[in-house]
Amino acid sequence: MSVHPAVPRPEYPRPQFVRAAWQCLNGTWQFERDAGDSGLERGLLDRDLTGEIVVPFCPESELSGVGDPDFHAAVWYRRTVRVPEDWAGQRVLLHFQAVDHDATVWVDGVEAGRHRGGFTPFSCDLAAAADPAHTYTVVVRARDPRGGPQARGKQATSYEGRGAHYGRTTGIWQTVWCEPVPAVRLGRPRITPSVAASAFRITVPVTVATPAGRAGHQVRVTVSDQNGEVATARARADVDLAPELWLPLPADRVRLWSPEDPHLYDLRVDLLDGDGAVVDTADSYAGLRSVSIEGKAVLLNGQVRFQRLVLDQGFYPDGLMTAPTDEALRHDIDLAVAAGFNGARLHQKVFEERYLYHADRAGFLVWGEFGDWGANMQGPAGDNQQPTASFVTQWVEAVERDYSHPSIVGWCPLNETWQRLHDRITVLDDVTWGMYLATKAADQTRPVVDASGYAHRVPGADVYDSHCYEQDPERFGKLMKGLADGTPYVNADPDGTAWSVPYAGQPYFCSEFGGIWWNPDVRPDESSWGYGERPTSEEELQERFAGLVAVLLDDPGMFGYCYTQLTDVFQEQNGVYRFDRSSKLDVSRIRAAQLRPAAIEQDER
């Protein structure tokens, strides 16, 4: 099997739970399409595959070396793995950061794991006791059916992308890697900051895979900053499934995380055996910050913070849902900040965790969202949305993965689940409630919107929002002004039939607006669209943008907004930047229109 000259995306993929020893398995794998999903019957598990692909890029992308945008009912991957000599005798975990959509993994012909969901990571055993002299054969089958309800995000179910749907992603699209772990080992810590107490609460699961158990084991957590150790704590690891540690910080070492000062503490998590020897260790980091609600305002560290968000779809011309480089992830944040945004709604996609790593370091505010599009089965009005139970399980996996990132200030499990409200309880109601309650059960520290834009089905949810693409600032202002008397703009069916439960006075924001259609270089034969009439000049665009933004900045009841969107994405050409991230307008004017104080930040409450 040939070897790719350079390993793509070589950076550590799990930045808040870092072990020193690991092996990146990105690069060239054997690959084969399986149009009829009959590969298991035809013996693909037991033979070499006919083609090659560059992992972690999907076969639809240019960077994969395959570049086949057609539908793939199933695809197969195969490669051999030899572990380093110093891993001998340890358990070896095989990690997949994301495989779209239903994955089965075999190691040496034996099924090692299954996973459903295209956005979240999963793991299985490569070896119960690693043998460096043995070459392990890893085979992966990914199924990605064209029909049926499935959490696809913005992936098109037509051959060509159209409207707000883009190219598909099938199979492996994030890093594959492995690491050695002891039989008694640390799980990923959950880090909860408490600004009120100037402390961190850290929960550390401990996994036991040995009859000897964990008698006498302890967990030790050390918090450090640039001046050295700040706090340390220990807890027994042999009485609770997940020991919990409380680490108060000395007053003179307290430093809050914020957009102006995105300070991060270093964390070291150690697992000690009964003799006090370290048997497992991992590095992490944490930001001390709080999110709270007061009236109609959302506060960061007890201060009103107007959220100037931009919609980010996370697509790339050559990698589709996979960023071509780690630098590309960071660059998208830099582009947003340069345009005057202080955060992003990560739209219809669970982004690579490396994005959040860069957002944490940049002080960039993020709303985490699920790629729920794919549930609308175009059925009878009032019963067209058919999300399955797997929507809930996949979303819980996403929340658990990203819980400890300080940049995340809100959760959005669903988006634009339009369906008429009537007197029957539907599967949409059940799943919306389920995803909302699961989010609140997993995380009491951040606000949750039950469904962005529509259909709101949870009375009194933490926040309420709408999407409005009216292009005329004066008419836009008239639509938005009802918030002052408790009757804000609410999305509804064109005939006026309600999609959502009524607004209940909670914090409100316009979470999609603008989308101004602008491509000054559009070709006559090019597919291009945006919202409303395309401006006749950049000056007209700038005036429209400033007018729309002013409506929301000047509303004392509005806690933020989200402008559509950061970049063009294929045929949807309404970004502040082009799809290739180059400039197409004067970004300094976009920035200037946003940076004056918002009314809610000046309101004396």
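Owing to the predicted nature of the structure, the values given are computational and were not obtained by experimental measurement.
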Determine whether the side chains of [X] and [Y] contain a donor N or O and an acceptor N or O closer than 3.5 Å.
X	Y	value
Gln565	His347	no
Asn26	Thr175	yes
Ser528	Gln573	yes
Gln174	Thr322	no
His101	Asp144	no
Thr169	Asp100	no
Tyr561	Gln594	yes
Lys349	Gln313	no
Asn491	Ser466	no
Ser292	Ser290	no
Asp326	His358	yes
Thr120	Glu397	yes
Asn574	Tyr531	no
Tyr166	Glu572	yes
Thr393	Arg116	no
His467	Ser452	yes
His456	Asp465	yes
His165	Glu160	no

Is [Y] close to [X] at the side-chain level, that is, under 4.5 Å between some pair of heavy atoms?
X	Y	result
Phe509	Leu309	yes
His115	Phe96	no
Val569	Phe579	yes
Leu483	Tyr503	yes
Ile191	His405	no
Leu94	Val105	yes

Checking [X] side chain against [Y] main chain: does a donor-acceptor pair fall under 3.5 Å?
X	Y	answer
Arg578	Thr567	no
Asp402	Leu356	no
Asp429	Val458	no
Arg146	Thr157	yes
Trp529	Gly163	yes
Gln386	Asn376	no
Ser284	Gln16	yes
Lys584	Trp518	yes
Glu416	Tyr454	no
Gln444	Lys440	yes

Check your understanding: Can you name the residues that form a salt bridge (charged side-chain N to carboxylate O under 4.0 Å, His left out) with Arg190, not counting sequence neighbours?
Key -> Glu400

**Study point:** Trp411: which of Phe370, Tyr436, Tyr403, Trp395 passes ring-ring contact (aromatic ring centres under 6.0 Å, His included)
**Key:** Trp395

Check your understanding: Is it true that Asp554 and Arg596 have a side-chain N and a carboxylate O under 4.0 angstrom from each other?
Key -> yes

Sub-6.0 Å ring centroid separation between [X] and [Y]:
X	Y	result
Tyr12	Trp22	yes
His95	Trp177	yes
Tyr469	Phe513	no

Practice item. Check the surroundings of atom CD in Glu327: do more than 12 heavy atoms from other residues, nucleotides or ligands lie under 6.0 Å from it? Key: yes

Atom [atom1] in [X], atom [atom2] in [Y]: separation rounded to 0.5 Å?
X	Y	atom1	atom2	answer
Leu552	Cys468	CG	SG	9.0 Å
Glu352	Phe119	CD	CZ	12.5 Å
Leu300	Leu365	CG	CG	6.5 Å
Trp173	Glu60	CH2	CD	12.5 Å

Does [X] have any side-chain contact (heavy atoms from CB on, under 4.5 Å) partners at least two apart in sequence or in another chain, and if so, which?
X	result
Arg114	Thr104, Glu111
Pro447	Val291, Ile293, Trp367, Asp462, Val463
Val551	Phe476, Met480
Thr417	Asp372, Gln385, Leu414, Leu428, Ala451, Ala455

Practice item. Examine Arg581 relative to Tyr577 and say whether NZ or CZ is less than 6.0 Å from the centre of the six-membered ring and inside a 45° cone about the ring axis. Key: no

Check your understanding: Within 45° of the axis and under 6.0 Å from the centre of the six-membered ring of Phe17, does NZ or CZ of Arg188 qualify?
Key -> no

Practice item. Classify the angle between the aromatic ring planes of Phe200 and Tyr265 as parallel (below 30°), tilted (30 to 60°) or perpendicular (above 60°). Key: perpendicular

Review point. Between Tyr508 and Tyr464, what is the ring plane arrangement, given parallel below 30°, perpendicular above 60°, and tilted in between?
Key: parallel

Of all the heavy-atom pairs spanning [X] and [Y], show the shortest one and how long it is.
X	Y	value
Ala438	Val396	CB-CG2, 3.7 Å
Val269	Pro189	CG2-CG, 4.5 Å
Arg9	Cys24	O-SG, 4.1 Å

Revision key, fill the gap. ring-ring contact (aromatic ring centres under 6.0 Å, His included) filter on Tyr355, not counting sequence neighbours, yields Phe351

Practice item. Any chance you could lay out the side chain to side chain donor-acceptor pair (under 3.5 Å) test for Arg162 and Gln571, step after step, and finish with the verdict? Key: CA-CA 7 Å; Arg162 61 182 64 173; Gln571 67 278 355; over 6 Å; no

Practice item. Given side chain to side chain donor-acceptor pair (under 3.5 Å), test Tyr285 with Asp360 step by step and report yes or no. Key: CA-CA 10 Å; Tyr285 64 85; Asp360 293 340; 2.6 Å; yes

